[in-house]
4 protein chains.
Amino acid sequence: MTQSSQAASGKVTKLNRVERNAWTKRKIFDAATKVVGKYGYAEASVARITEEAGVAQGTFYNHFENRQELLDQLLPKIGIDMVHFIRERTGTAHAARQEIERFSAFFDFIREVPEFLRILNEAEYFAPIGYQKHLDNIATAYVRILRRARHAGAIIDYSDEEFEAIVHMLMGARGYLSRRYSYVGGNVTAAPEHVISAYQKLVTRGLFVPERKNGHDR
Amino acid sequence: MTQSSQAASGKVTKLNRVERNAWTKRKIFDAATKVVGKYGYAEASVARITEEAGVAQGTFYNHFENRQELLDQLLPKIGIDMVHFIRERTGTAHAARQEIERFSAFFDFIREVPEFLRILNEAEYFAPIGYQKHLDNIATAYVRILRRARHAGAIIDYSDEEFEAIVHMLMGARGYLSRRYSYVGGNVTAAPEHVISAYQKLVTRGLFVPERKNGHDR
Amino acid sequence: MTQSSQAASGKVTKLNRVERNAWTKRKIFDAATKVVGKYGYAEASVARITEEAGVAQGTFYNHFENRQELLDQLLPKIGIDMVHFIRERTGTAHAARQEIERFSAFFDFIREVPEFLRILNEAEYFAPIGYQKHLDNIATAYVRILRRARHAGAIIDYSDEEFEAIVHMLMGARGYLSRRYSYVGGNVTAAPEHVISAYQKLVTRGLFVPERKNGHDR
Amino acid sequence: MTQSSQAASGKVTKLNRVERNAWTKRKIFDAATKVVGKYGYAEASVARITEEAGVAQGTFYNHFENRQELLDQLLPKIGIDMVHFIRERTGTAHAARQEIERFSAFFDFIREVPEFLRILNEAEYFAPIGYQKHLDNIATAYVRILRRARHAGAIIDYSDEEFEAIVHMLMGARGYLSRRYSYVGGNVTAAPEHVISAYQKLVTRGLFVPERKNGHDR
DNA sequence: TATGAATGAGAATTCATTCAT
DNA sequence: AATGAATGAATTCTCATTCAT
């Protein structure tokens, strides 16, 4: 083992049994991310994933019960990365403006992790368990945000049940918009200005109350 | 009563060659709708479809070039049915209220054709050509509606480009909402009241100008 | 039916039942020749042949018991054409020189009927009955020629049994040579000079006695 | 005794991974030889071959990219065996007599490997890549032999180009003769005496100069 | 734990032949 | 006699999973 490969593994000394195990599992996981991002779930055969990971096919089944189990873990894991990414890019402005920040950050994340979009969109049918988990994660966090905004007076007139519906609309809007506008000639691009402005108008007017000088939440 | 009108009436005694041909194609098509709606595109093998249709596998290839060709025809065909269905259920009220009618009609259509949702949602990956065709159909018609509303003064302050983005948001919203709320215990149900009200609030406030006594479009 | 198509059929007036029948059979036969010559027996599906002939698939079975029957008729029919063609191009010179004329004429025939080579060569495996018939036709005629030459004193020291072997050698030589030298860049070409001279040397010296002034056969 | 030498000896107790792998591939190869020899390439389906080999169909594709790849390897491999076989049976007599030895040895080889003839003859159409490879192998070696004979004075008056043509004639002659005379009632038999004598006369007189007391080549 | 050959159930598609009209 | 839709067996190839080493 060379120094550089040790460095890449994050360890400097020889790996013990547990670490080697985790390291192999990680290799398979990362390979799956790459493969699904590039070819989609349907083409993500165990053969392709293990080849990309540089391990034998049999090794796969030492770490995952079966192909589906891995596929179902893919989206939730990346989904959490996304939540962190967006949270870091959201400031303390008025709630309506924060929502626009989140919207933009979502598109930024797609550019950061181009595999995400495909993994997200196909998951509903190829990794339904993972998809559900992801959706619950996001919806829960999102509803909490809206509630907080309502508590701060930035939203009125929406019930908790309606929040849940709103959250699905916003997620759906993002999904369709990203599919439509994130790809130009095979490359992942930033959201066009008019897309952001349209989202801003719809959401700001439709969901939030007009911002006043002292209307900051938190 | 002519032979052809006999065929159309569903009460068939004897069909001529052309009618028999169309009838068989139709059987395959309907079987595919059923199968894809129930099992999804991935599981819609030619064997399954032809079995459902009650014809031999080889017969399939007398009517469709290959499996994909049929799959790509599925969504656009049903999509057009949907457009007609919604149009029939849309009155002449104020534009904002018409949009809510369309929203409700969409959910009604899903109950009418429960296969539609799955055929629509999976199409992006399993029948991309058909999906694109469908999306274009819908987006074009939808943008035209919004423009007319703007011309009638029911919408202001949105550009054509923004309309396109809005249309994708609305389609995305419907898609996610229908996935979340249309199924209860395996049955297709009507949209809950709070979903309709949330949509109504978001869209009415976000997209349209407040309705005045003389604010009808057209 | 137009005048020109009547002319093409070789008939000027309306065709009666028998003639129509023969005409259809002929169309199928010619189509098969074309198709096998271009794509080979293996790709000569009934669908392809009938399409080329401009008739329905079912029509095929009104004229031929099955696909194989037609294929087996192909080679013997053209083989007879070849025999006539070669015979017409053979003069009354010394037997050895006649053999060279036949050899050259064989290559000329290939250029005249470019389908022949493929039909001949593949027939052994795809139309074995027809192949055998053809081989018998040719061998019989060829042996007769050699016997006549022996009777005329142009060949000595070969028995009838040996003649049969010689004939197979000569046919084999032609077959391999034509495969090797008749195609250049997809086109059928004349036999190169050195091929003819090599054949001439081998056969003239190996089979015939040296030509004398009065050594003409016949 | 090493493991590998155990394998080579045919008496096998335990094979290691590499040996097992080679052993399986060999089983498939041998099965293909048998099947093609008996039924021809066209009937040599993967199902038939793997059944004959006693392995699962899927196993086939662990060892060969596809069906055609195997078929194209068949003839060149056996062709090399044939060359060795013939070379071993060729003495140091005069070149003309050596040629007769080779001719006889060819027929002996067919009796040794009865599958060869069919594998050879059909290859042109079913395994064209393998056929070309084989033909090149043989023609190259054959021309080299003729040149050596010319250098030794046993052949005069033939150019290199003519040699190539001669070689094709000899190969064609053998091919046709073997088809005609090697099978009697389903069994492979030796070449009849009159066939050998006819070949001997034609080639000895047609290609070589009369043998003198000191006319040995080499 | 890692390996990779072996498995066998299916997948899409082709095509000679039949047969009702 | 002509038609052409219907048939279904057979083909090649894929791939998740198993298991002996």
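Note that the structure is predicted; figures quoted are calculated from it, not measured. As a basis for the values below, the full set of heavy atoms in this structure was taken, side chains included, without hydrogen atoms, waters or symmetry mates. The chains referred to below are lettered A, B, ... by the order of the sequence lines, with proteins before strands, and numbering in each begins at 1.
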Roughly, in whole Å, what's the span from NZ in C/Lys25 to P in F/dA2?
-> 12 Å
Is there a donor and acceptor pair, one atom on the side chain of D/Asn62 and one on the base of E/dA6, closer than 3.5 Å?
-> yes
E/dA6 phosphate, OP1 or OP2: any side-chain N/O from D/His63 under 4.0 angstrom?
-> yes
Hey, is the side chain of A/Arg67 pairing donor to acceptor with the base of F/dT17 inside 3.5 Å?
-> no
Kindly say if B/Thr59 contacts the phosphate of F/dG8, meaning a side-chain N or O under 4.0 Å from OP1 or OP2.
-> no
Separation of C/Gln57 atom CD from F/dT7 atom P, in whole Å?
-> 15 Å
Walk me through it: do B/Asn66 and B/Val46 pass the test side chain to side chain contact (heavy atoms under 4.5 Å, CB included)?
-> CA-CA 9 Å; B/Asn66 52 41; B/Val46 173; over 6 Å; no
Answer with base, sugar-phosphate or nothing: what part of the nucleic acid does A/Ser45 contact at a heavy-atom distance below 4.0 Å?
-> sugar-phosphate
Any side-chain N or O of C/Thr24 under 4.0 Å from OP1/OP2 of F/dA2?
-> yes
Honestly, is B/Lys25 close enough over B/Phe64, meaning NZ or CZ under 6.0 Å from the six-membered ring centre and within 45° of the axis?
-> yes
Euclidean distance, atom CG of residue D/Leu70 to atom P of F/dT12 [Å, nearest integer] = 11 Å
Could you state the atom-to-atom distance from CD of C/Glu43 to P of E/dA16 in whole Å?
-> 10 Å
On DNA chain F, more 5' by nearest nucleotide between B/Phe60 and D/Glu65 is B/Phe60
Ranking E/dT3, E/dG8, F/dT17 by distance to the side chain of D/Arg17, first place goes to E/dT3
Would you say B/Gln68's side chain and B/Phe126's backbone share a donor-acceptor pair under 3.5 angstrom?
-> yes
Comparing D/Ala44 with B/Val55, nearest DNA chain F nucleotide closer to 5' gives the residue B/Val55
Nucleotide nearest D/Tyr61 when distance is taken to its side chain, options F/dT17, F/dT14, F/dT3 = F/dT14
Closest nucleotide among E/dT17, F/dA2, E/dT3 to the C/Val46 side chain = E/dT17
Taken to the nearest whole Å, NZ/B/Lys27 to C1'/F/dA5 is 11 Å
For F/dT18, the nucleotide meeting Watson-Crick or G-U wobble distances (both under 3.5 Å) is E/dA5
Can you tell me the distance, in whole Å, between the CZ atom of D/Phe64 and the C1' atom of F/dT14?
-> 18 Å
Distance, rounded to the nearest Å, where C/Glu51 contributes CD and F/dT3 contributes P = 14 Å
Check: residues 30-44 of chain B side-chain donor-acceptor pairs under 3.5 Å, at least two apart:
residue, atom, partner, partner atom, Å
B/Asp30, OD1, B/Arg26, NE, 3.0
B/Asp30, OD2, B/Arg26, NE, 3.1
B/Thr33, OG1, B/Phe29, O, 3.0
B/Tyr41, OH, B/Ile119, O, 2.9

Rounded distance (Å) that lies between atom P of F/dT12 and atom CG of D/Leu71 | 9 Å
Could a donor-acceptor pair under 3.5 angstrom be found where the side chain of D/Asn21 meets the base of E/dA5?
-> no
Do the side chain of B/Arg20 and the base of E/dT21 come within less than 3.5 angstrom through a donor-acceptor pair of N or O atoms?
-> no
Set of side chain to side chain donor-acceptor pair (under 3.5 Å) partners for C/Glu115, sequence neighbours left out = none
Taking every non-hydrogen atom, the tightest pair across C/His63 and C/Thr59 = CD2-O, 3.3 Å
